[in-house]
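Okay, structure first, notes after.
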Amino acid sequence: MGLPQSGLWVKKLWVLLEVAVHVVVGKVLLILFPDRVKRNILAMGEKTGMTRNPHFSHDNWIPTFFSTQYFWFVLKVRWQRLEDTTELGGLAPNCPRGRDGSEVGWVELDVKAGED
């Protein structure tokens with residue numbers, strides 16, 4: 001089914017404004033408080049295990065946050081998520097789903113593994 005065309009455009013416009021505000025606020029905070037933003041980003045990286053990679057260099061990676069390329073990437077992903085739909089008996093989009101505790105899994109991986 002999906003959203004009516006006008007409803008989809010309204011949601012896309014809202015997402016555009018939301019991502020633009022987040023990127024602008026993030027860029028301002030990165031300029032005003034670079035050390036604090038760096039600590040927050042590194043703390044998020046610790047949760048994912050990314051900063052344990054020996055080839056990881058935060059000096060090259062952190063400045064890419066809140067850039068124009070970052071803005072377009074996040075916007076594209078958020079817009080694609082708006083269009084994820086499913087119908088009764090059809091395939092579901094491969095979206096994250098919560099498991100026990102704080103663990104997050106993906107629908108497609110759970111279906112392949114035979115979990116419910």
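Quick note: numbers below take in every heavy atom, side chains included, and nothing from hydrogens, waters or symmetry partners. The shown structure was predicted, so the numbers you read here are calculated from the model rather than taken from an experiment.
Within 6.0 Å of CD on Q69 lie no more than 12 heavy atoms contributed by other residues, nucleotides or ligands.
How far CG of L29 is from CZ of F65: 13.5 Å, rounded to the nearest 0.5 Å. The NZ atom of K11 lies 11.5 Å from the CZ atom of R78; values are rounded to the nearest 0.5 Å.
Under the 4.5 Å side-chain heavy-atom criterion for Ile, Leu, Val, Met, Phe, Trp and Tyr, V37 and I31 are members of distinct hydrophobic clusters. No chain of hydrophobic side-chain contacts below 4.5 Å, direct or via other Ile, Leu, Val, Met, Phe, Trp or Tyr residues, connects W9 to W14. The cluster map of Ile, Leu, Val, Met, Phe, Trp and Tyr, joined by side-chain heavy atoms under 4.5 Å apart, puts V77 and M44 in the same cluster.
Tested against Y70, the residues T64, V19, L75, V23 include a single side-chain contact (heavy atoms from CB on, under 4.5 Å) partner, V23.
Contact of the F71 side chain with the L16 side chain is registered, since non-hydrogen atoms from C-beta on lie closer than 4.5 Å.
With sequence neighbours left out, the salt bridge (charged side-chain N to carboxylate O under 4.0 Å, His left out) criterion links K12 to E83. For R36, the side chain to side chain contact (heavy atoms under 4.5 Å, CB included) partners at least two apart in sequence or on another chain are F33, R39, N40.
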